[in-house]
Amino acid sequence: MGTEELARGAEIPLIWSHPDVEGNEPTVSIDTQEQNPGLAVEDHEFPRSAPSDPSAPHVVEARVTVNASQDRGPLSRIWESFGYDEINWTYTPTGKRLLRTFREFADRPYYVRPHYVFCSGSGFGIPHWGNGNVYHEDADGNPYYDFTIADQTYDAIVGAGHHVLVELAFTPRDMLPDEAAQLVVESSPTVYSNYEAGAWAYPPRNYEKWRGLIAAHAQHCLERYGEEEVNSWLWELWNEPDIFYWRGTPEQFYDLYTVTAEAVRSVLPQAKVGGPAVTGGGVEFLRGFLRHTAANEVPLDFVSFHTKGSAFTPWRVYGPTGGPAPEKQNPSANKMLFEIRRLLRVIGEFEQYASLPAIVDECDAGVPAHYSVYDNANFQFQNTEYYPTFQVKLFKKILDLNEVETVSVEQATSWSFYFEGERYFEGTRAFLTAGGIEKPLLNAYRMMAQLGARRVDATSTAEWPIAELDNAGGRSMPEEVDTLASKDDDGTVAVLVWRHTDDQYQTDDKETPVELRVTGLDAARYSVTHFRIDASHSNAHTVWQSLGSPQDPTDEQLLTIKERQGLEQLTEPAEMSPTEGSVSMQVDLPLPSVSLLVLQPR
């Protein structure tokens with residue numbers, strides 16, 4: 001593959017050098033100043049991030065009605081998935097504890113998707129990089145494998161009661177093609193080599209050796225974890241091949257998928273294989289991939305893609321520590337929903353794939369995960385009550401999309417885990433901050449875990465309906481009060497109610513009164529438990545701030561913070577007796593906030 005072909009396949013800015021004095025082919029380096037994972041060139045009307053509008057109107061009142069007798073079908077647990085770049089932090093003591101935390105409150109397995117299992121390296125993890133160090137060749141070019149790090153990673157995931165979403169990526173150092181040497185990286189104490197800088201994104205030089213690696217990896221997992229477990233996993237090729245994670249042509253990727261799917265199935269005939277994990281802008285890449293698999297009858301059990309709600313400009317300000325953002329910017333749920341719907345409809349163009357699950361295995365309000373308030377102050381939302389409320393709202397809107405689109409989302413993965421070495425409330429996209437303190441985001445997942453097996457009818461007079469996506473015109477989602485409700489086999493009814501707008505800077509001194517009415521209740525009496533995430537509840541961040549934002553908190557301060565990090569009740573549980581199968585109550589919602597009301601038969 002020559003450099004011109006490389007440029008077409010990579011679809012990223014390249015800086016070309018002149019041929020050297022001996023006439024050798026020019027070298028290539030990468031301009032990464034405005035490049036970032038998760039984003040292709042935008043070709044729709046939604047901006048890269050949502051602006052702030054302090055004059056936007058508030059919702060002053062709302063009525064929410066839940067009909068517990070009106071069944072809307074199984075409640076798809078789309079939120080039960082997360083992933084992260086830093087594969088080597090999976091098996092640290094903190095990583096293992098976080099994996100167990102999810103299993104304890106969810107009581108169900110999540111799918112966990114780490115990057116970089118096939119990248120070469122020492123196993124030393126840093127933000128946005130890691131390595132499983134599986135593949136090696138001896139002096140004669142014969143492959144051999146070392147599963148030490150892969151075992152530690154998958155052992156931690158499976159040992160905590162979860163399933164692996166196996167991302168089969170990227171190219172090992174011993175499998176790099178000759179053209180990878182064209183990626184020039186200037187010598188510096190702060191970089192390792194061109195391999196860590198992105199040479200791993202080149203196509204493997206030998207697809208048959210890649211086939212052997214995939215088959216050996218699958219066989220090892222089969223022997224270690226058993227057929228029943230590994231058949232529950234998802235086996236996915238690569239990550240975001242429509243941007244700089246893939247430095248080959250689309251056709252080379254399609255052929256690599258064929259080899260990969262065949263290799264997995266040669267060991268695990270019942271394995272679920274899929275891809276291509278494109279970005280939200282990867283429309284044509286996805287369409288070409290599906291044409292390839294359809295025309296060549298290549299196994300395909302799921303289709304994956306990504307979406308990101310914002311890309312702040314600039315990503316990194318390089319201003320004074322703790323300084324303000326140059327411009328107030330925000331995540332846009334509408335941008336994410338538009339990209340999801342557009343890619344669902346691409347899948348729907350292929351009749352044979354219309355029933356396959358869509359896996360949105362990076363579904364995030366911002367990008368990248370390791371950037372923080374010290375890079376751009378707009379990342380502050382990742383510390384606050386804004387983010388868990390955003391997540392709850394987004395999950396509900398995706399479920400609404402599932403009801404009207406031909407293809408359905410099965411997983412909406414949060415690309416979040418934790419970061420070693422960060423400051424307290426650094427503002428990264430993570431479930432934990434320094435000291436193992438849980439961020440408010442984690443409590444959104446605690447709320448979602450309490451929803452029942454069946455979705456029931458629930459409406460709000462102040463909701464933003466999914467049908468309005470056609471009329472959004474690139475605008476972000478305005479302030480709304482909306483709801484999602486469920487019912488379990490034992491008659492327990494769970495109701496989520498939230499107030500949110502796609503503007504982290506929008507505040508309101510007044511709470512919005514919401515009249516909540518639940519009908520279709522069967523029992524004579526119910527215990528009502530009211531959980532809340534807002535600035536004053538389920539929020540370790542505001543507790544930390546109230547203590548002076550210490551970066552070296554005392555043991556007593558840490559205890560005070562951690563006592564408030566979990567999901568908290570707004571009020572003491574109450575007893576209610578329905579009248580003709582109906583109860584009513586008022587819920588007052590600050591901006592932003594989300595309440596969970598659980599009505600349990602007595």
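The residues of the chain are indexed from 1 along the displayed sequence.
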Exercise for the section: Mind running side-chain hydrogen bond (donor to acceptor under 3.5 Å, both in side chains) on Ser593 and His537 for me, showing each step along the way? Expected result: CA-CA 9 Å; Ser593 64; His537 301 87; over 6 Å; no
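- Ring to ring, Tyr386 and His541 are not that close: their centroids are 6.0 angstrom or more apart.
- The shortest non-hydrogen separation linking Thr519 to Ser582 is CG2-OG, 3.8 Å.
- A perpendicular orientation is assigned to the rings of Phe102 and Phe431, their planes being inclined by more than 60° (bins at 30° and 60°).
- For the atom pair CG (Asp503) and CG (Asn330), the distance works out to 4.5 Å, reported to the nearest 0.5 Å.
- Summarising the local packing, CD of Gln586 is surrounded by more than 12 heavy atoms from other residues, nucleotides or ligands at distances under 6.0 Å.
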Exercise for the section: Give the C-alpha distance, both sets of side-chain angles, the deciding distance and a yes or no for side chain to side chain contact (heavy atoms under 4.5 Å, CB included) between Gln152 and Asp155. Expected result: CA-CA 5 Å; Gln152 290 176 297; Asp155 284 358; 5.8 Å; no
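- Between the OG1 atom of Thr293 and the CZ atom of Phe350 there is a distance of 7.5 Å, given to the nearest 0.5 Å.
- The backbone N or O of Val273 sits less than 3.5 Å from a side-chain atom of Asp301, completing a donor-acceptor pair.
- Glu227 CD: 12 or fewer foreign heavy atoms inside a 6.0 Å radius.
- No donor-acceptor distance shorter than 3.5 angstrom exists from the side chain of Ser460 to the backbone of Thr483, with no hydrogens or angles considered.
- Between Ser49 and Ser310, the side chains place no donor N or O within less than 3.5 Å of an acceptor N or O (distance only, hydrogens not considered).
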Exercise for the section: Go through the steps to decide whether Thr433 and Asn383 satisfy the test side chain to side chain contact (heavy atoms under 4.5 Å, CB included), and finish with yes or no. Expected result: CA-CA 9 Å; Thr433 188; Asn383 280 331; 5.7 Å; no
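- Residues Asn231 and Gln270 have side chains that never bring a donor and an acceptor to within less than 3.5 angstrom of each other.
- Summarising the local packing, CD of Glu572 is surrounded by 12 or fewer heavy atoms from other residues, nucleotides or ligands at distances under 6.0 Å.
- A donor-acceptor pair is defined here as one N or O able to donate and one able to accept, closer than 3.5 Å; such a pair exists between the side chain of Asp242 and the backbone of Thr279.
- Here the CG-CG distance, from Leu222 to Leu268, works out to 5.5 Å after rounding to the nearest 0.5 Å.
- The main-chain N or O of Leu451 is found under 3.5 Å from a side-chain atom of Arg77 such that the two form a donor-acceptor pair.
- When each of Val303, Thr307, Ile78 is checked for a side-chain contact (heavy atoms from CB on, under 4.5 Å) with Val360, only Thr307 meets the rule.
- With 3.5 Å as the limit, one finds no donor-acceptor pair spanning the side chains of Thr501 and Gln506.
- Using cut-offs of 30° and 60° on the angle between ring planes, the pair Phe46 and Phe338 is tilted.
- The existence of a salt bridge linking Glu480 and Lys396 is excluded, since no basic side-chain nitrogen approaches an acidic carboxylate oxygen closer than 4.0 Å.
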Handout entry: side-chain hydrogen bond (donor to acceptor under 3.5 Å, both in side chains) between Asp151 and His220, worked out
Key = CA-CA 9 Å; Asp151 287 349; His220 181 79; 2.6 Å; yes
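- Enclosure of atom CD in Gln352 by more than 12 non-hydrogen atoms of other residues, nucleotides or ligands within 6.0 angstrom is indicated.
- Below 30°, between 30° and 60°, or above 60°: for Phe395 and Trp79 the angle between ring planes is between 30° and 60°, a tilted geometry.
- The closest donor-acceptor contact from the side chain of Asn539 to the backbone of Asp534 lies under 3.5 Å.
- Aromatic ring orientation, His162 versus Phe82: perpendicular (interplanar angle above 60°, classes split at 30° and 60°).
- Inspection of the Glu229 and His163 side chains reveals an N or O donor paired with an N or O acceptor under 3.5 Å.
- Rounding to the nearest 0.5 Å places OG1 of Thr101 at 14.0 Å from NZ of Lys96.
- Separation of the Tyr254 and Phe285 ring centroids falls under the 6.0 Å cut-off.
- By the 6.0 Å contact criterion, CZ on Arg63 is open, its count of non-hydrogen atoms from other residues, nucleotides or ligands being 12 or less.
- We find that Glu511 and Arg499 are not joined by a salt bridge, their nearest charged nitrogen and carboxylate oxygen being 4.0 Å or further apart.
- Atom CD of Glu468 is surrounded by more than 12 heavy atoms from other residues, nucleotides or ligands within 6.0 Å.
- Between the side chain of Tyr353 and the backbone N or O of Ala294 there is at least one donor-acceptor pair closer than 3.5 Å.
- Below 30°, between 30° and 60°, or above 60°: for Tyr110 and Phe105 the angle between ring planes is above 60°, a perpendicular geometry.
- Pro114 and Ile87 get closest at one heavy-atom pair: CB-CG1, 3.9 Å.
- In this structure, Ile347 and Phe302 have side chains that are not in contact, with every pair of non-hydrogen atoms separated by 4.5 Å or more.
- In summary, of the residues considered (His500, Lys393, Lys397), a side-chain hydrogen bond (donor to acceptor under 3.5 Å, both in side chains) with Asp482 occurs for Lys397 alone.
- Using a 4.0 Å cut-off between charged side-chain N and carboxylate O, Lys335 and Glu339 make a salt bridge.
- Counting non-hydrogen atoms of other residues, nucleotides and ligands closer than 6.0 Å to CG of Asn471 gives a total above 12.
- Remark: side-chain polar atoms of Thr260 are paired, donor with acceptor, to backbone N or O of Leu256 under 3.5 angstrom.
- Between the Asn67 side chain and the Ser69 main chain, a donor and an acceptor come within less than 3.5 Å of each other.
- Side chain of Asp502 to backbone of Ser332: no donor-acceptor contact under 3.5 angstrom is found.
- In plain terms, the two heavy atoms of Arg475 and Asn334 that are nearest each other are O-ND2, 2.9 Å.
- For the atom pair Glu479 CD and His58 NE2, the distance stands at 6.0 Å (nearest 0.5 Å).
- Nearest heavy atoms, Arg103 versus Ala160: CG-O, 2.9 Å.
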Exercise for the section: Determine, stepwise, if the pair Leu567 / Ile533 fulfils side chain to side chain contact (heavy atoms under 4.5 Å, CB included). Expected result: CA-CA 7 Å; Leu567 185 60; Ile533 304 172; 4.0 Å; yes
Problem - Steps toward ring-ring contact (aromatic ring centres under 6.0 Å, His included) verdict (His217, Tyr154) - result: CA-CA 12 Å; His217 192 69; Tyr154 297 165; 5.7 Å; yes
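- Ring orientation note: the planes of Trp233 and Tyr225 are tilted relative to one another, at an angle of 30° to 60°.
- Interatomic distance, Tyr418 OH to Leu432 CG, rounded to the nearest 0.5 Å: 8.5 Å.
- Judged by distance alone, with hydrogens and angles left aside, the side-chain atoms of Ser538 form a donor-acceptor pair with the main-chain N or O of Glu568 at under 3.5 Å.
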Practice task
In sequence, state the C-alpha distance, the side-chain angles, and the governing distance for Tyr84 and Val112, and then conclude on side chain to side chain contact (heavy atoms under 4.5 Å, CB included).
Solution key: CA-CA 8 Å; Tyr84 42 92; Val112 182; 3.7 Å; yes
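- Summarising the geometry of Ser527 relative to Pro573, their closest heavy-atom pair is OG-CB, 4.3 Å, with the distance given to 0.1 Å.
- Taking all atoms of both residues into account, the shortest heavy-atom contact from Pro578 to Ala523 is CG-O, 3.6 Å.
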